[in-house]
Structures are given as C-alpha cells and as structure tokens.
Amino acid sequence: TSPPGSCYYYVSHCTQESVKPKMWMRDSWGEATKGAASDRAVCEQTRLSDYAKWCIVPAGAVRMHFNPQSIGPVHTACPLACEMESMYEQTWLKACMKEECKHCADCMTEATALCGVACLMRQRHETPFKNMPQYERIPLSDTASSSILDCNAAGGQITCNGAAFRIKGLNWYGMEGSYTSPPFGLHKHTLDSIMRFVAANGFNSLRILFNHDAVLQNRRVSPKLGIDFAPELAGLSQIEMMLAVAKGAAYRGILVMLACHRLYPEAFPGAAGSGFWYNQRFPESRVLQSWRRITEQLCGQWNVFAVDLMNEPFKSSWGSGDMSRDWDKAAGRLGDFVLANCPRWLIMVQGVSSQPGAPRVHKPQENMYWGENLMGHAVSPVMLSKPNRLVYSPHAYGPSVAAQPYHNYKMGFPENIGPIWERHFGFVMDSGIPIAIGELGGHYASKEKVFQDWAVPYADSRGFGLFYFALNPDSEDTGGVLELDWTTPVADKLKLLARFRGTPVHSLLHSPPPSPPPPPPEP
C-alpha cells in the first residue's frame, strides 16, 4: 500500500504478474528514479545503510554493472530489483534468496549482493516488533548437522549431548489448515524477524503444526497467502517450505518439533474425521506414507529434534484391547515407524480424553481436556523399540478454554490443580518418562490469569517441558504472546513465561573447553 512515487511502490508494481519485469525496467528506468526521488524524505529518514540512497539518485542515472566493487551512489535499487525478479530462475539467485539472504549484511558481503537490495527494501517497510529485549545471536557451529544433537529421554528428563535440556517453546500454527500456506505471520514480518523475536524472549523451540494430506500432496506455497515478507517461500513445495522454516529457526538456535495437528485441512479437532489417528478417508497406511516423506526430507536438518504423532486423539481409547481404537498401541506403531526412518528424533505422545479414555483406570465422568489423559500408562504404557526416545506430551488448559468443576475457589483453586495434574499425567515421570506439555495457554485475565500464574511455575518446578499456546495472536480460545497486530508483545504473558527456565540451545552444541593439563611432576 505504499504511495505511488515511493521506491517500494515501483518494486512491487514491476513484480506483479501483469507486468513484464524486463519491459518495465527498460521503459520506466527514468520514471522509476523520478518517483523514488519524490520520496526522498522517507528514504533519507530510513537510512538503513548507504544502499538506501540508491532510491533517491537523480533521474537518468547511468547503470553500472552490479557487483561489490562497483557499488556506488549511481545505482538505482528499483530497476535493479525489477531485473532481479526477471532473473529469478537463475540458480545463483535462487541460492541467494533461499539460503544466503537471512540478513542483509550476509548478502551484501557476497558476490550475489543483488539480494541485499530486496532484503533492505523489505526491512524498510516491515514494522519491527515493539519492546524487543536486548538480544545478540550466538553463532552456532558451521559444521551443524544431524550428528551434533543427540537427544535422549530417560530418568524423567530430556538430555541432549549429555546435558539436561528443558524445552521452553511456542506453538506456531498456519500450515495445518491449508495445502499451500506456511505458518502465519509472514504477512507482517520476515521469517528471521519472527525467529529473532522467539529467541530474544528466551524460547528455545517451536512446535509447528501441519496436516498429513498436505505433506503427501506436496503442493507449492502460494504467493497470495500471506508471505509478503517471505517471498523466498513462494513456489516451494510443502516439504521444501517446512525445511526452509526449520533452517530459519536453526540460524537463531531454535529447535523444531513437527506436530501432526490433523489428517487433512478440514479435519480440525472436533470436526468430522477427527478424534483418531486415522479415518476411512485417510487410513493408517497413508499416515505412514506421510511420516516417511517427512523423515526422508527433514531428518538431516539438525534442529528438527522431535515429532508429535497426533494432536488430541480424543475419541481414542487407551489400554482397552481394541486395536482399532487404542491410541497407546497406535502410538507404538507410528513411533517405531518414524524411528526406523529417523532414529535420532524424540517421539512425543499425547494423551486421550475422558471418554472413552482409559476404561481400566478411571471413571468415564472424570473431566479431562483432550490430550490430557495419560492415566492408561499405568496399565498399558506406550512401547517403542527405542524407549529412550519417548516423551509424553499432554495438553493442560485452564478455565478460559473450558471450565471444569474443579476450577472452584471453594475447592482450593488453583492449588487443587496440582494433585489433578499428577493423577492425569504427572505420575508418568516416576517411571522415567519425561513430560513436555504440548499446549498450555489462554486469555490472560480473571480466573485464567490465576490459573496460569500457578501453572507455569508449577510446571517449571516439576521439571516439565512446555510449549505455550501460541506465538500467533488470533486464536479465539487462547490469544497468544502477541497482540492482533502481530507486532506488540503481550507483556504480562511474556513476564510470566520469563519465570520458566529453558535451556539455551547453543549451550548444547559447543563442547566445554578442555581441562588444563596437569602440572608437571615436581623434580
């Protein structure tokens, strides 16, 4: 929506499908620079670097060959960006846009510096996150690969590379309800800006939601679905886009868990086709095909460290003996299939609900959230071929999502939740299996605020991991850690979450310095 005459206006106009980039560049060279000159005040105020001055050079400037040695004030960013678009199919430019252009500075130092023009101009018009904490990226090892992160689950905790690792993550949704959309928010921010926000606020991981059918159909990301600030994702297949997002997270030292939220876009929790890990339209064989494709393409990305096998299988039973309904047995099958194709990943398994639930353990009328009920573990634990990869991941919500009878001050709320959590899922840590709460969150007010003020410190004190719901601001049930503008943090929520202690990922990737050699023996 930039006004005519701004540098950004001409770049966006010349990249529209109805305009041939080369024709625009040739016919409107002088006009573009005239328009940019009329926007001199905006460009001068921005002053991201000297490169912004390209937008205000006099009309009729002579174009020189673009390379780091010839950078100078006679260059005009607008037509150069147009030319860049016309050359997009060239291999070197694809590599720059998809791999190198994480930051303008990275591209400006490379021979493919043309990317830096687009990078700078995107940053000019991105509204930065407000009240960002001070943050400095800690460079990770240049040799990062799947071999540098070895995570295990034993003794009631997760360890990575031999050190205790506490998950402190956010849910990030958007892919799960579409065949062609990336996670939401890229209409407001670049991928790296979002990752920087996550890291700067002390989160070490993301739980990214997807659906199986989109993986199998593997359609290409639509440029019309909210990727204004991530054009590098346009045209990528579903799997390629998932990998690109994971790489963006890796740059900021953020781990990724891929969570199957539904079988296909319209089968959201509670809709027709939901509640089991399969249905008539999408049998278990198709589920396995999707997991195979995911493992083949993403196992080698070092910071993808876990998968969540199925979101809230609320219609499923646990330990009933019915193989078509028992989630504990299905989780074992699916988990072993994933591990056969990617032995290093952690396998996250959610609980079921109260009905049918775990009929051998609890009464049907006991109230539990979808995904919370792990009580069946007492009689039928999930069995994996690699037991040290199993993590239980219940969902634990409060009164703003669904009020329960025990959300009652006369019953000792909120402290009465502690024993309820322990009965529903906390007890599994006694058998050595860690817990990482997959979803917890809600609108932070009234009784929900009382609940979260209790729940977050309690989870921290018990050693649970946590994926807070959500990074996104627009969930009607919960809201998120950002306001609806995708730019203003919800300060009270982040202040609360700052009390939860997560493990910095960079501390797991750098070996401690060697011990000094012993002193020589005395003569």
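Only this structure's heavy atoms are used, side chains among them; waters, hydrogens and symmetry mates stay out.
Heavy-atom minimum distance, Gln350 versus Asn311: NE2-CA, 3.2 Å.
The salt bridge (Lys or Arg N to Asp or Glu O under 4.0 Å) contacts involving residues 253-263 comprise nothing, where partners must be two or more places apart or lie in separate chains.
No hydrogens or angles considered: a donor-acceptor pair under 3.5 Å links the side chains of Ser400 and Glu448. Side chains of Asn341 and Arg293: no donor on one and acceptor on the other come within 3.5 Å. Side-chain polar atoms of Glu176 and Tyr264 form no donor-acceptor pair below 3.5 angstrom.
In this structure, Asn161 contributes its side chain and Leu509 its backbone to no donor-acceptor pair below 3.5 Å. Using a distance-only test at 3.5 Å, with no hydrogens or angles considered, a donor-acceptor pair links the side chain of Ser237 to the main chain of Glu240. Distance alone, capped at 3.5 Å, is enough to place a donor-acceptor pair between the Arg137 side chain and the Tyr251 backbone. Between the side chain of Asp213 and the backbone N or O of Ser290, no donor-acceptor pair lies under 3.5 Å. Distance alone, capped at 3.5 Å, places no donor-acceptor pair between the Ser178 side chain and the Met175 backbone. Gln289 places no side-chain N or O within 3.5 Å of a backbone atom of Leu216 that could act as its donor or acceptor partner. No donor-acceptor pair under 3.5 Å is formed between the side chain of Asn303 and the backbone N or O of Lys247. A donor-acceptor distance shorter than 3.5 angstrom exists from the side chain of His443 to the backbone of Glu476, with no hydrogens or angles considered. With hydrogens and angles ignored, the 3.5 Å screen pairs a side-chain donor or acceptor of Asn204 with a backbone N or O of Thr503. A donor-acceptor distance shorter than 3.5 angstrom exists from the side chain of Ser393 to the backbone of Ala436, with no hydrogens or angles considered.
Considering only heavy atoms from C-beta on, Leu309 comes within 4.5 Å of Val338 through its side chain. With a 4.5 Å cut-off on side-chain heavy atoms, Phe469 and Ser475 count as touching. With contacts defined as side-chain heavy-atom distances shorter than 4.5 Å, the pair Val481/Leu494 qualifies. Counting heavy atoms from C-beta outward, Leu497 and Lys495 have side chains that stay 4.5 Å or more apart. Inter-residue side-chain proximity for Asp474 and Tyr173 is flagged as met; some heavy-atom pair is nearer than 4.5 Å. When side chains are defined from C-beta on, Met348 does not count as touching Val307, because their heavy atoms never get closer than 4.5 Å. Taking the side chain as every heavy atom from C-beta outward, Asp192 and Arg252 approach each other to under 4.5 Å.
In this view, Pro457 and Leu496, Arg499 satisfy the side chain to side chain contact (heavy atoms under 4.5 Å, CB included) rule, not counting sequence neighbours. In terms of the salt bridge (Lys or Arg N to Asp or Glu O under 4.0 Å) criterion, residue partners of Asp453 (sequence neighbours excluded) are, by chain and number, Lys449. For Arg292, the salt bridge (Lys or Arg N to Asp or Glu O under 4.0 Å) test picks out no residue, with sequence neighbours left out. Looking at residues two or more places apart in sequence or on another chain, you find no side chain to side chain donor-acceptor pair (under 3.5 Å) involving Ser181. The side chain to side chain contact (heavy atoms under 4.5 Å, CB included) check on Pro343 picks up Lys386, with sequence neighbours excluded. Residues that satisfy the ring-ring contact (aromatic ring centres under 6.0 Å, His included) test with Tyr397, not counting sequence neighbours, are absent from this structure. Every residue two or more places apart in sequence or in another chain that forms a salt bridge (Lys or Arg N to Asp or Glu O under 4.0 Å) with Glu266 is listed here: Arg281. Take His212 and apply the ring-ring contact (aromatic ring centres under 6.0 Å, His included) test, not counting sequence neighbours, and it matches Phe210, Trp291. In terms of the ring-ring contact (aromatic ring centres under 6.0 Å, His included) criterion, residue partners of Phe197 (sequence neighbours excluded) are, by chain and number, Phe129. Qualifying salt bridge (Lys or Arg N to Asp or Glu O under 4.0 Å) partners for Arg501, counting only residues two or more places apart in sequence or in other chains: Asp460. Among residues two or more places apart in sequence or in another chain, the ring-ring contact (aromatic ring centres under 6.0 Å, His included) test is passed with Tyr179 by none.
Geometrically, Lys493 does not engage Tyr444 in a cation-pi contact defined by less than 6.0 Å to the ring centre and at most 45° from the axis. Cation-pi contact between Arg166 and Phe500: present, with separation from the ring centre below 6.0 Å and deviation from the ring axis of at most 45°.
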* Decide side chain to side chain donor-acceptor pair (under 3.5 Å) for Arg196 and Asn201; before the verdict, give the C-alpha distance in whole Å, the side-chain angles of both, and the deciding distance to 0.1 Å. => CA-CA 9 Å; Arg196 187 175 184 275; Asn201 283 284; over 6 Å; no
* To do: Go through His189 and Thr127 one step at a time and tell me if the side chain to side chain donor-acceptor pair (under 3.5 Å) criterion holds.
  => CA-CA 7 Å; His189 299 284; Thr127 302; over 6 Å; no
* Chi angles and distances behind the side chain to side chain contact (heavy atoms under 4.5 Å, CB included) call for Asp308, Leu209 -> CA-CA 9 Å; Asp308 187 338; Leu209 313 185; over 6 Å; no
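The OH atom of Tyr468 sits 9.0 Å away from the CG atom of Leu466 when rounded to the nearest 0.5 Å.
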